[in-house]
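Note that the structure is a prediction, hence the values are computed from the model and not measured. Residue numbers start from 1 in every chain, and the chains themselves are labelled A, B, ... in the order their sequence lines are given, proteins ahead of strands.
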Amino acid sequence: AQSVTQLDSQVPVFEEAPVELRCNYSSSVSVYLFWYVQYPNQGLQLLLKYLSGSTLVKGINGFEAEFNKSQTSFHLRKPSVHISDTAEYFCAFPLGNTGKLIFGQGTTLQVKP
Amino acid sequence: NAGVTQTPKFRILKIGQSMTLQCAQDMNHNYMYWYRQDPGMGLKLIYYSVGAGITDKGEVPNGYNVSRSTTEDFPLRLELAAPSQTSVYFCASSYSQGSTEAFFGQGTRLTVV
């Protein structure tokens, strides 16, 4: 079965520290992969996406992710986080040819001063 | 450019009542989706549509109905509300399947008591 697993439900980190949010996927076919961010009481917005080509993908707000086919991973990283990065982060990929998204469980990033 | 608009933002329903969650997009997207978000569970697909007049079930369709009479609108109907339908509901749209990002509304927080 195709699925997405986010390995950490909560990640507390101090401001200006680096962070990595982990995502593993299971799929028998080539995948596109996305990271979405949800700020408190808001909808989801796209942070970055991997379609093909370079395995290092850069997104908004200084985030980047690396696609690793052999590890079936797509971990999200930021070298120095800010208080405003406090949010919930979702890893996802589209299933089939209708754009239906399979989401991971979400990781809450809590940035402390 | 409003994007995806959901109404209402909040609603409390009594068990057995019915309601319609409204969703409209102004981006001329063919693909539209309804997801529900429960704590620690990520987002689950309820129903989706690939164009006006075409709808199909997602992962958790029981207790819901949809219609798509126009490209712009994709309402979600709850019949006989149950406590298990307490959730945050998100409508999303995308231009095409798979590789392009989905745009999300702000969500509707529904409580069934």
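Atom OG of Ser94(B) is separated from atom CG of Leu101(A) by 7.5 Å, given to the nearest 0.5 angstrom. In this structure, Glu101(B) CD and Leu48(A) CG are separated by 11.0 Å, a value rounded to the nearest 0.5 Å.
Neither the backbone nor the side chain of Phe103(B) comes within contact range of chain A; no heavy atoms are under 4.5 Å apart. Glu88(A) touches chain B through its side chain: at least one heavy atom from C-beta onward sits under 4.5 Å away, while N, CA, C and O do not.
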Can you give me every donor-acceptor pair (side chain of residues 51-60 of chain A, partner residue at least two apart or in another chain, under 3.5 Å) with its distance?
residue  : atom : partner  : partner atom : Å
Ser54(A) : OG   : Leu56(A) : N            : 3.4
Ser54(A) : OG   : Leu56(A) : O            : 3.3
Lys58(A) : NZ   : Glu64(A) : OE1          : 2.9

Quick one: side chains of residues 36-43 of chain A, donor-acceptor pairs under 3.5 Å with protein atoms, not counting sequence neighbours, listed by atom name and distance.
residue  : atom : partner   : partner atom : Å
Tyr36(A) : OH   : Ala102(B) : N            : 3.0
Gln38(A) : OE1  : Gln37(B)  : NE2          : 2.9
Gln38(A) : NE2  : Gln42(A)  : O            : 3.1
Gln38(A) : NE2  : Gln37(B)  : OE1          : 3.2
Tyr39(A) : OH   : Asn61(A)  : ND2          : 3.2

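Cluster membership check: Val11(A) shares its hydrophobic cluster with Leu76(A), using side-chain heavy-atom separations under 4.5 Å among Ile, Leu, Val, Met, Phe, Trp and Tyr. Taken together through direct or relayed side-chain contacts under 4.5 Å among Ile, Leu, Val, Met, Phe, Trp and Tyr, Leu110(B) and Tyr33(B) form parts of separate hydrophobic clusters. Two different hydrophobic clusters hold Trp34(B) and Leu95(A) under the rule that ILVMFWY side chains link at heavy-atom gaps under 4.5 Å. Val66(B) is not connected to Tyr31(B) by any chain of hydrophobic side-chain contacts under 4.5 Å among Ile, Leu, Val, Met, Phe, Trp and Tyr, and they are in different clusters. Under a hydrophobic clustering in which Ile, Leu, Val, Met, Phe, Trp and Tyr are joined whenever their side-chain heavy atoms come within less than 4.5 Å, directly or via other members, Leu21(A) and Tyr50(A) fall into the same cluster.
Here the closest non-hydrogen pair linking Phe104(B) and Leu44(A) is CB-O, 3.5 Å.
In the displayed structure, Arg109(B) atom CZ is contacted under 6.0 Å by at most 12 heavy atoms of other residues, nucleotides or ligands.
At a heavy-atom cut-off of under 4.5 Å, chain A is reached by Gly40(B), Met41(B), Gly42(B), Leu43(B), Leu45(B), Tyr48(B), Val50(B) from residues 38-62 of chain B, listed in order of number. Contact annotation for residues 104-113 of chain A against chain B (heavy-atom separation below 4.5 Å, listed by residue number): Gly104(A), Gln105(A).
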